[in-house]
Structure formats: structure tokens, C-alpha cells
Amino acid sequence: MSKKILLIDGNSLAFRAFYAMYQQLDRMVTPEGLHTNALVAFNNFLESIVLPMQPDMGLVAWDAQSGRETFRGDLYADYKAGRDKAPAEFKEQFPYLREMVEAHGLHNYEQVGLEADDIIGTLSRIGQAAGDQVIIITGDQDLTQLVTDDVTVKLAKKGVSQVEVYTPDFIMNEFGITPEQIIDKKALTGDTSDNYPGVTKVGEKTALKLLKQYHDLDNLYAHVDEMKPSKMKENLINDKEQAYRAQKLATIITDAKLSIGLKDITYNGPEEKGLVNLFEKLHFKQALNKLRAHTLFDDVGQIAEESEKKQGDFQTVHPLSKSALERLVKEDYLAFHIETSGENYHQADMLAFSIGNDEVGYYGSRDFTFFDNDLLRQIVEGSQTKLRVFNAKEHWVLLHRLGLTLGAVDFDFLLVAYLLDTVGNDNVLSTLAGRFGRYLASDEEVYGKGAKFTVPEEEKVLIDHVGHKAETIFGLRDQAFSDLDEHEQSHLYRDIELPLSFVLAKMEAQGFKVNEARLEKMGQEMDEQIASLKQEIYQMAGEEFNINSTKQLGTLLFEKMGLPVIKKTKTGYSTAVEVLEKLAPEAPIVEHILAYRQLAKLKSTYVDGLLSVVNPADQKVHTRFLQTLTQTGRLSSVDPNLQNIPMRTEAGRKIRHAFVPSHDGWQIFGADYSQIELRVLASITGDPAMEHAFVEDEDIHAETARKVFGLPEDAPIDPDQRRTAKAVNFGIVYGISDYGLSKNLNIPRKEAKSFIETYFREFPRIHQWMGQIKERAHKDGFVETIEHRRRYLPDINAKNFNTRSFAERTAMNSPIQGSAADIIKIAMIKVSQAIEAKGMAANMLVQVHDELVFECPESELDELRDTVTKVMDSAVKLAIPLKVESHSGPTWYEAK
DNA sequence: TCATTCACG
DNA sequence: ACGTACGTGAATGAG
């Protein structure tokens, strides 16, 4: 029977793997200092390309590392000379590559005096002779000379993630020659990477033309005299010897004496123990996770049936019962989890829930009438049992929907994992648990993803999954808390993030009332304007096209109309606002396009978008504030995003008229921190000049302008000077660069540079701090806020200038943005407590980074203003006073 | 699913 | 020389 033989060119593929992931070189390092980028890519290759092939035999051939040179070196002294030596970061990965090959069930082979090509060439002919099917995988086109009807070459593309399949037909179609002719093609062109010449001035095009005419090298030289005189003819004659030498160098040996045969290279498939061992050594968290969950093997349907058994480290999950509740209710600590069918827990179906601990065991159920049971209510609502959960905010809302309150939460694994390390946090229990070495089937495996989402038919599968979640959460607490403690983040968790999650849950559940009729009316008016703009644009363009398509718009503006190209994107011409504004004076159509864009955005995102998420039951939008997403500690808001409702233009700002209080006679009240980020900066740097400006409550941008332009203290500042100074202040907060400032202000880079230099002279402590924080980031690999919120910067020591510079700017910006986030979070908790303590009816509705929005009875307005302002400006004791401004009115429009 | 654009702080 | 301002989310077109 015909067998499938897989022969892999180890050197060329490892080399490609290394350079494919070269940008990642600096971040892929084990704690022991071993670079792993090539290993990661090579492992992906073995998993995604080799594993599914399921060959009968498999071998990875390597170039001889030491010993005698190959015959090619004897033939031509400069063979492979001048080739860059493999970098040390690559070489150190070699031994592990071989270990990896073995763990994946393949064999390694190398032999003194041979290159990998020759080993593959020889074995391919042996396999062919035995009537087997041979597949060669390589990154080197040379090997395609081996192709026959029984020998296929898969040439790696895009690093090692894809392959192109070379068959005799493919080569004929692509190059118009046979596989054997590839050798003579090489003879004519030579090979720059192996450093041997062919015929002068003959490249791929010429070589193919010659081969089509003369078929091979011998025949070509037999007829070379008949060629009409030309430079090429001269070159062919002069370089004849070189061409024949190149032919020999390019020819892969197919009859080498090897010390192994086909019987020695049987493929056994991946070996779990070996892989686990290797992955642990290399700190391959993801690969381990995949392995433990058995998806690696499931991919090829190998041991799918066994996977359930092997999952194994979990206790049995029991169906919940009343007698179980009697035992559970006596426990001090229990893990608790409700499983939903979708991300948006305000509306998602609740599928099942689980509860338990290691002593009493784990219980699951799909029967939500259990929540009428007093014992279960006592557990989740009371203060006796401390709960361990994954996402307290979500569970608060879910219980709220069931008519219950969430009682005492001790451990929220999601929050803790986020505080410990924001990088790569995907908010998914299975992956976060994997970081702590606990492996759990992912939701995707149990339910499928996207449109394929289905709840398992068998109840037991579902109950087991939710039960295992509870057990995982329960078991993570000690390790997670001790890590928190080590980071000095217990206060941040216990006194800020965890209480905040309850405040946010209440805000989300409360919702923001929307005046749908008003929004619909605005929508109609916009539609009319959009339609007429559209017609005008078509008329001016002389044709109809999709104005929303940047591609079509680019073609019109830059090709048909011939306007100058200001900026390009990866995929074509940029048509962004700043570009169109520069073009506006040249073509009147551009103004219309800008107006169209603005209206189209408002209509689709804010009118239609908002209307589509209003809950018809209460005419409210219920956003979700993502508390564990941003890298800086800010919140974000989704479904809908209430943190980017228009403000800067009047047309957009009108949208805010549709955000109204939920009761008649109530008002919307907004309070915002003035210049909080600059105040934070002044406070943590202790800069006297800046401190003075804030203590005296000066206009900070005007004050900055006086410093930067060297003006006396009470000098008047013109609007342009103030605008420039404001941009400089922004730049400082973002981690300034002259390039960025010059682009923002549309001024020469030199000028921007001199602004920055003057700024740093005038505010010396800020300059000093910027240096210190970068230094610390380089040393520690992370930076911190005033409340010890941490941001890791994996790129801070990158070799690439851009990558590293980005990390350095982040190092300067994150403590500022993050500390401001700390402050408003603390204020939110305190405001919420104050409202409750005073028995006020007011509701906090939205947080927009430096601003809080409330609704309250008109009669409560004065008290609310007083309370909120006081709590906000005294939330945290800083060296610089915090300033709060507030507004109120019948809608959100007036409250800012 | 990715890239672009634009809304906010 | 290098070529980016910091942090987000939603809609759209195009592959």
C-alpha cells in the first residue's frame, strides 16, 4: 500500500520562522533569557500544517552543523560565503527545535558532509521507488527540482503559516518549464543567497526565455555559436565554466549514503508528555492551555472521545438539591457562577448556574426557580457567605434581573487578574485561569462561536462546564490574592475596584432614559439634509458613487479630479478630515463631502445606533461599563458607548437633547474635573511653576503660553498663542515628541522642538520626572499610578526605535491618565455612599473619564451639587487642589 | 475579519 | 535615520 512520507527542510523553515517573528524577538523571551520567537512559529507550523497531514513517516532534515564541508565547498570556495552568520538569538533556539520535532512525533536527521536538501533528495527518490507518496515542505525554492508526479513540494509563504503546492503542472503553468529544468535555470542565474554566480546579466526572465528555446544547458551551449551577436551571447560564452559549476552546485544529491531508511522514520503523532515538558520549559502558556484542553488532538479527531476523561482534574459536579443547599448555606466561602448565552448580560439568557467549594463539593443547575429558595437567597444575598466570582458587576446585574441583590463578594477573579496584569487580558475565564496554571475548557469549545453558538443538548455537559468554572474560581483565590499583595494592590482591589463594580452595576441597571421621538425627528431632518448633499455631490462629481467608500472617494478626488495626495494609508489614499480640510480650497466638492460625512456619522452612529439599543420596556439605554479592559485603568463603555456622545460641534451636541431624566420634574446634573490630568502631573512631579498656576487658579494654557513665548506675568495672550500652548500641554500629557507636536500644530518640526525645549526649561521638574519614569520603566518593566495600578510595558527595551519610543511615551502617559482614573473612581464610590447616606433619590448614570452625570428631582439639585462637588474635589489628597465644575438642566445637552 | 474614519476624554 | 502624539467604540466597505 502506498504510504505518505513527509520530509521537512528544517533549516530553511526555522530560518523563516525566526525572521517571520523578528518583530516579536524582544517580547518572546523566557524568564531564563531564552528567545523563543522561532520556536513559537515553528510550533504553530507543526500544529497547523504538519499535524493535519497525518503522514505515515516523517522526518526533519538539518544541515550538518559541524565537521567537514560539503562537496559544494570543495567545488567553489566562496559557496555560501558572506552569508550573515545566524544571530545568537536564533542559534540558542536550535536544541529546542530538535526537541520540539521529536515531541511532535517526527524524526531529526543530519549527516556530516550533507545539506538538508541532499538528505531530502535522497529519501524522496527512495520513497518514490517504493511507490510511496512524498511530500516535501521547505522555504527554499531549490527543492522544487525534486517534484514529480509522486513527489510534491510545499513551499512556505508568509513566514511559515501558509504553503504553496508545487506539482509538475503548477511549475509548468507558473514558469513554463519542467522541474528538472529548474537546475539549469539556477545554473544560468546563479544564487545570490548561496553566493555563487551564473551567467552575467542573466536573471530569472532571461533564463526562462533561454530554457524555453533551448530546453537545457547542454543544448544551449551546443547552439550558442548560432546565436546572433549580442552582449548576452558574449556573456554566455565567457561564463560557460561558471554556469556549469553553478549547475553542479544547484543540483541536489539524490543518491547519498544515509545511515537511516524509511523504516526508521515512522511517524507516531504528537506525544503529550514530551510536549508538556517542552512547553513548560519554554513557558508556552497558550500552547499548554490548548494541550490540556485537548484541542490540539481534537483538531485531527484523534482522541476527541478521550478528551472528556482526560480533562480530569475536577471534582464531580452534582445536580443542585435542597439537601445540598442545607450543607452549602453553612459555608463561609463559596464560588458562585451564573452562565449566560451572550456578552450583554442585561438581556442575555441565563443558561445555568453553579455553586460550591472544595469541601462540600460543586453543584450545578438549570433550574432558576432555586432562586426562590430561602437558603440559596441567604447564600447569595446575605453577608454570612463570602462569594468568589468571575465578574461581580455582571452577577450583580443578573441577580438584579432575578429580583435579588448580590451580597458579600470576597474574590472577583476578573478584577484581580486585570489589576495584576492588563496586558493580554481577554476577559475570558479559561484563558485567565490558564495564566495561573489551571486549565479549563473554553466556552468556544463547549458552545462554538458566533453564529454556531449552541447550548449542549446533554444537560450534564452544561452542568459540568459551569461546575468546573466554579471550582476553578474557588481554587484561584489564594494565589491571586498573594500576587495582589506582592504588587501592593490589595487596597486598590478591596477599597476601589471591588466597591466600584457595585456602583457601576447599579448605574448600568438604572439606565439613561432616551426621548425616542426627539431622536427620530432629528433623524428625519438629517435624512433630508443627507439626501440633498448627496445629490449635490453627485452633480459636482459628474457621477454617482458611494461616498462612504474611501476607495471610491479616493479614486474620484485623486485620480479623476487630480487633487494632490496629502497622505497615504496602507491600502490607498487617505481621505481623513485633516486631508480633506487641506483640499477644501482647491475643490468645492470637498466641503460638501465633509458636511455629508459629519451628518452620516451622526445619523448612523447616534440616531440609528442609539435607537437600536433602547430597551422598549423602559425607554432606556443600559450601557455596560467595561471595568477590566483599558491598559490605563479608565473605564470604557459599550452597547451603547455613552462616553463618546457628540459634544464638540453644535450639530452633534444636539443629540444630547435626547438624553432625559427618567421622571417628570427631574433634572440632569453633570460635574466634571477641570484639567485633572495636568493637575495630576503637577502633583506627582511637584513642579513649582505649574503648582503656582493651579494654586492661584490661573488659566493654565495662558500661563503656559507666557512661559513658552517668554512673556511677562500679566501679558495678554492672543488666541493663537493659547491654542499653541494648549497643544503643548496635551503633548506633554501624551508623552511628547517634536514630530507629534509639529503634526498637530501644522508647524515645522524645528519649531515644535524649540517649544518643547523651552517648556522643559520653564517646568524643570516635569522634565526631570519624564526622565525618571522612563528609567524606571526600563528597569522594572512597568509603571504605576498613585494607587499602585500597574501597567506592564513589554516593548520598553525593544531594539526597534519606533516600538521602544511608543513604550516610552506610554510610560509617561499611563501614570497620568491612570492616576486621574483612580481619582474619579474613588470619587464615584464616595459620591454613591454620600447619596445613600443622605437618603437622596438621585441616580448616578454615566462616567465620562473626568465627568459624572446624574439625574435627580429638581428639589434635590442644590444638595446634589453641593455634595458631588465637595466629594469630588476632596476625593484624594493631592499637593494640588482639584477643581470641579458643574451644570444642570432638563437634558444632558444643558448639563455640560 | 481588517482597515479606515470619526465620535469622546 | 528612525516616522507616532495617549486612551477608547461603532459604523462602514471590502476581501
Side-chain angles (χ1 to χ4, degrees), chain A residues 422 449-450 545-554 567-580 593-594 596-610 612-613 623-626 629-649 651-653 655-656 672-678 681 727-745 749 752 756 783 791 798-818 820-821 824 846-852 896:
Chain A
T422 57
K449 67 170 170 183
F545 66 104
N546 187 344
I547 311 170
N548 291 323
S549 160
T550 51
K551 204 175 163 197
Q552 292 181 32
L553 183 60
K567 201 174 105 184
K568 286 197 146 199
T569 65
K570 269 187 257 188
T571 51
Y573 311 110
S574 171
T575 64
V577 175
E578 75 251 31
V579 173
L580 295 190
I593 291 165
L594 282 166
Y596 171 89
R597 278 243 180 108
Q598 195 196 19
L599 275 169
K601 173 92 178 181
L602 290 175
K603 175 70 169 39
S604 71
T605 306
Y606 297 103
V607 176
D608 298 342
L610 225 37
S612 74
V613 290
T623 187
R624 280 173 296 137
F625 290 106
L626 305 187
L629 182 132
T630 70
Q631 300 301 303
T632 54
R634 276 189 175 180
L635 302 176
S636 85
S637 159
V638 293
D639 274 343
N641 181 355
L642 293 183
Q643 292 181 320
N644 71 345
I645 303 300
M647 177 70 197
R648 292 169 190 173
T649 67
R653 192 170 173 170
I655 296 284
R656 294 180 176 229
D672 64 283
Y673 281 115
S674 161
Q675 305 294 349
I676 188 168
E677 291 191 343
L678 286 174
L681 178 65
V728 174
N729 277 329
F730 267 90
I732 292 293
V733 169
Y734 293 157
I736 201 154
S737 76
D738 49 10
Y739 184 85
L741 183 64
S742 76
K743 223 180 87 188
N744 186 278
L745 282 174
R749 199 168 137 179
I756 294 167
V783 291
R791 177 169 188 181
K799 289 195 180 60
N800 181 291
F801 173 87
N802 280 326
T803 314
R804 188 176 65 248
S805 301
F806 189 17
E808 285 174 349
R809 289 196 297 277
T810 312
M812 297 185 271
N813 171 264
S814 292
I816 304 171
Q817 194 182 112
I824 195 164
V846 179
Q847 184 249 49
V848 196
H849 312 307
D850 63 357
E851 170 196 1
L852 297 175
K896 180 69 208 257

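To find a chain, count down the sequence lines: A is the first, B the second, and so on, and within it residues start at 1. The structure presented is a predicted model; accordingly, all values stated were derived computationally and were not measured. Excluded from the calculations below are hydrogen atoms, water molecules and symmetry mates; all remaining heavy atoms, backbone and side chain alike, are included.
Relative to the side chain of A/R597, the nucleotides C/dT8, B/dC6, C/dA5 differ in distance, and B/dC6 lies closest. Closest to the side chain of A/Q598, from the set B/dA7, C/dC6, B/dT5, is B/dA7. Each of B/dT5, B/dG9, C/dT8 was ranked by its minimum atom distance to the side chain of A/D850; first place goes to B/dG9. Set against C/dG7, B/dA7, B/dG9, the side chain of A/P646 has B/dA7 as its closest nucleotide. The nucleotide whose nearest atom lies closest to any side-chain atom of A/R648 is, among C/dA5, C/dC6, B/dC8, B/dC8. Here the nucleotide nearest the side chain of A/N802, chosen from B/dG9, B/dT1, C/dT4, is C/dT4.
Heavy atoms of A/T810 sit under 4.0 angstrom from primed sugar atoms or phosphate atoms, though from no base atom. Residue-level contact check: A/L626 touches the backbone only, with heavy atoms under 4.0 Å from sugar-phosphate atoms and none from bases. Nucleic acid contact for A/I645: sugar-phosphate only, since backbone atoms but no base atoms lie under 4.0 Å from a heavy atom of the residue. Residue contacts for A/Q631: at a heavy-atom cut-off of 4.0 Å it reaches the sugar-phosphate backbone alone, with no base atom in range. Heavy atoms of A/A727 sit under 4.0 angstrom from at least one base atom. At a threshold of 4.0 angstrom between heavy atoms, the contacts of A/V733 with the nucleic acid are absent.
When the P atom is compared between B/dA7 and C/dC2, the two are found 33 Å apart, to the nearest whole Å. Going from the P atom of B/dT5 to that of C/dT4 covers 15 Å, rounded to whole Å. A distance of about 31 Å separates the P atoms of B/dC8 and C/dG3, rounded to the whole Å.
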The contact string for nucleotides 10-15 of chain C, one letter per nucleotide 5' to 3', using protein heavy atoms under 4.0 Å with B, S and - for base, sugar-phosphate only and none, comes out as BSSSSS

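With hydrogens and angles ignored, no donor-acceptor pair closer than 3.5 Å exists between the side chain of A/Q643 and the base of B/dC8.
Across residues 734-741 of chain A, A/Y734, A/I736, A/S737, A/Y739, A/L741 each have a non-hydrogen atom less than 4.0 Å from an atom of DNA chain C (numbered order).
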For DNA chain C, the dot-bracket pattern of Watson-Crick and G-U pairs whose distances stay under 3.5 Å, | for other-strand partners:
.....|||||||||.

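Here the P atom of nucleotide C/dC6 and the CD atom of A/E808 are 13 Å apart, to the nearest Å. Computed from coordinates, the A/L678 CG to B/dG9 P distance equals 15 Å when rounded to whole Å. Counting to the nearest Å, the C1' atom of C/dT4 and the NZ atom of A/K568 are 20 Å from each other. Note: CG (A/N813) to P (B/dG9) measures 16 Å, nearest angstrom. Atom-to-atom, CG of A/N744 to C1' of C/dC6 comes out at 12 Å; the value is rounded to the nearest Å. Residue A/R791 contributes atom CZ, which lies 10 Å from atom P of C/dC6 at whole-angstrom precision. Distance CD (A/E578) to C1' (B/dT4): 12 Å, rounded to an integer number of Å. One atom, CG of A/L635, and another, P of C/dC6, lie 21 Å apart when rounded to the nearest Å.
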Apply side chain to side chain contact (heavy atoms under 4.5 Å, CB included) to residues A/Q675 and A/N729 and explain how you reach the verdict.
CA-CA 10 Å; A/Q675 305 294 349; A/N729 277 329; over 6 Å; no

Is there a side chain to side chain contact (heavy atoms under 4.5 Å, CB included) between A/I655 and A/V607? Walk through the geometry before answering.
CA-CA 8 Å; A/I655 296 284; A/V607 176; 3.9 Å; yes

For side chain to side chain contact (heavy atoms under 4.5 Å, CB included), just list the numbers for A/L852 and A/V846, CA-CA rounded to whole Å, side-chain angles, deciding distance to a tenth of an Å, and then say yes or no.
CA-CA 6 Å; A/L852 297 175; A/V846 179; over 6 Å; no

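Atoms NE2 and CZ, from A/H849 and A/R634 in turn, are 4.5 Å apart once rounded to the nearest 0.5 Å. The CE atom of A/M812 sits 8.5 Å away from atom OG of A/S737, with the distance rounded to the nearest 0.5 Å. The CD1 atom of A/I816 sits 12.0 Å away from atom CD1 of A/I676, with the distance rounded to the nearest 0.5 Å. A/L626 contributes atom CG, which lies 9.0 Å from atom CG of A/D639 (distance to the nearest 0.5 angstrom).
The closest side-chain heavy-atom distance from A/N644 to A/Y606 is below 4.5 Å. Between A/Q631 and A/T810, the closest side-chain pair of non-hydrogen atoms is not below 4.5 Å. A/T422 places none of its side-chain heavy atoms less than 4.5 Å from the side chain of A/T630.
Inspection of the A/T803 and A/N800 side chains reveals an N or O donor paired with an N or O acceptor under 3.5 Å.
A close approach under 4.0 Å does not occur between any side-chain nitrogen or oxygen of A/T571 and OP1 or OP2 of B/dA3. A/R809 has a side-chain polar atom (N or O) that falls below the 4.0 Å cut-off from OP1 or OP2 of C/dC6.
Put simply, the side chain of A/S637 gets close to the backbone of A/P640: a donor and an acceptor are under 3.5 Å apart.
Shown here for A/L635 and A/Q643, the closest heavy-atom pair between the two residues is O-OE1, 3.6 Å.
Remark: A/F730 CZ is loosely packed, at most 12 non-hydrogen atoms of other residues, nucleotides or ligands lying under 6.0 Å away.
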